[in-house]
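Written out below as structure tokens is the structure these notes cover.
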Amino acid sequence: MKQGSISIVGAGPGDPELITLKALRRIQHADVILYDRLVNEELLDYAPGDAVRIYCGKAPGLHSMPQETTERLMIRHAAAGSHVVRLKGGDPFVFGRGGEEALSAAAAGIPYEVIPGITSAVGAAASAGIPLTHRGVAASFAIVTGSRCQTQDSPLRWDALAHGVDTLVIYMGVSKLGEICKELLIHGKDPQTPVALIENGTTVRERIVTGTLGNIDKVAAAMKISNPAIIIIGEVVQVRAELLSLQEAVRSQIG
């Protein structure tokens, strides 16, 4: 029996062309692919025709299978000699539970590797024309999850986040946008701080709306912004407006 293995692979933020060459090669040689909800399914077309494809995606409040079941399937197929690709949106180690799956593989004695991907914060922000750092504006950024907005066991340090970093990127936070804004305002963040929401970043369905910390929840409701989306808070959001203004000026001159 051939030796099985597991590749925990980051598929990138949504645009299938943003996957790495190394990740693509693993898909091309996969026997089994366990893929998540935010993986662009065009990538599955690169797998061999006889590769087993198993959907194990998770939407807010709706999981197609428990995480423990995903890990058991991953290990079972690898133990039987298959090359398993665990294909995950963004980067496996950024809110992707890739660390848990690596630990599971290691505990089972299965050879594994982790192939990084472009995480949504970086990919979606760049696609929207928002640099997470910008000379003279922002020298630091933090990525946090909105799902821990008001949990009692391990609450986020909104006091530190309000003033400790220049750019704040929040995953899984659209449903709690009002609470997030309230927490930051309570801890002294300027209500005029620019905010951007990027829905379906890097894809053909990408939508970008902007506002301020004081009004973005109303803007999001009016525009019906929904998951998957990220929230970017900080002065770097203004760079997008500057880029759009310059592009418009150039078009006017050419016209």
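The first residue of the sequence shown is numbered 1, and numbering continues consecutively from there.
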Using modelled atom types and a 3.5 Å cut-off, is there a donor and acceptor pairing between side-chain atoms of Asn40 and backbone atoms of Gly14?
yes

Between Thr212 and Asn215, is any side-chain donor less than 3.5 angstrom from a side-chain acceptor?
yes

For His163 and Asp159, indicate whether the former's side chain and the latter's backbone hold a donor-acceptor pair under 3.5 Å.
no

Is any side-chain heavy atom of Ile232 closer than 4.5 Å to one of Val195?
no

Per side-chain contact (heavy atoms from CB on, under 4.5 Å), Leu87 is matched among Ile8, Leu34, Val39 by Val39

Hey, does the side chain of Lys88 reach the backbone of Gly10 with a donor-acceptor pair shorter than 3.5 angstrom?
no

Taking side chain to side chain contact (heavy atoms under 4.5 Å, CB included) as the definition, give me every residue that meets it alongside Lys22, ordered by chain and number, with sequence neighbours left out.
Thr20, Arg26, Glu113, Ile115

Can you find a heavy atom in the side chain of Ile233 that is under 4.5 Å from one in the side chain of Ile231?
yes

Is it the case that the side chains of Glu71 and Gln67 hold a donor-acceptor pair, with the cut-off being a distance below 3.5 Å and no angle test?
yes

Ile170 with Phe141, same ILVMFWY side-chain cluster at under 4.5 Å
no

Measure the spacing between OG of Ser140 and CG of Asp166 and express it to the nearest 0.5 Å.
3.5 Å

Heavy atoms only: give me the nearest Ala220-Leu177 pair and the separation to one decimal.
CB-CD2, 3.6 Å

Side-chain donor or acceptor of Ser82 paired with backbone N/O of Val84 under 3.5 Å:
no

Using atom types as modelled and distance alone, determine if a side-chain donor or acceptor of Thr167 lies under 3.5 Å from a backbone N or O of Leu132.
yes

To the nearest 0.5 Å, how far apart are CD1 in Ile230 and CG in Asn200?
11.5 Å

Does Phe93 share a hydrophobic cluster with Phe95, counting links as ILVMFWY side-chain heavy atoms below 4.5 Å and allowing steps through other members?
no

Give a yes or no on whether the backbone of Tyr55 and the side-chain of Arg37 come within a donor-acceptor separation of less than 3.5 Å.
no

Should Lys182 and Glu179 count as an ion pair when the cut-off is N to O under 4.0 Å?
no

For Gly201 and Ala124, which heavy atoms make the closest approach, and how far apart are they?
CA-CB, 4.1 Å

For Ile110 and Ser5, which heavy atoms make the closest approach, and how far apart are they?
CG2-CA, 4.3 Å

N-O pairing of Arg86 and Asp36 below 4.0 Å:
yes

Between Asp91 and Ile118, is there a donor-acceptor pair closer than 3.5 Å when you use the side chain of the first and the backbone of the second?
no

Check: Glu206/Ser127 side-chain N/O donor and acceptor closer than 3.5 Å
yes

Minimal non-hydrogen separation, Ile143 against Ala121, with atom names:
CD1-CB, 3.8 Å

Nearest heavy atoms of Ile216 and Thr210, plus distance in Å:
CD1-C, 3.8 Å

Leu43 and Ile19, any side-chain heavy atoms less than 4.5 Å apart:
yes

Checking the side chain of Ser252 only, and the main-chain atoms of Glu248 only, is there a donor and an acceptor separated by less than 3.5 Å?
yes

Would you call Leu73 and Arg76 a side-chain contact if the rule is heavy atoms closer than 4.5 Å?
yes

Using every non-hydrogen atom in the two residues, find where Arg53 and Pro48 come nearest and quote the distance to one decimal.
NH2-O, 3.4 Å

Can you sort out the partners of Ser226 under side chain to side chain contact (heavy atoms under 4.5 Å, CB included), two or more places apart, ordered by chain and number?
Glu199

Can you list everything that forms a ring pair (Phe, Tyr, Trp, His ring centres under 6.0 Å) with Tyr46? Sequence neighbours excluded, please.
none

Do the non-hydrogen side-chain atoms of Ser120 and Tyr171 ever get within less than 4.5 Å of each other?
yes

Heavy-atom side-chain proximity of Ile75 to Ser104 below 4.5 angstrom:
yes

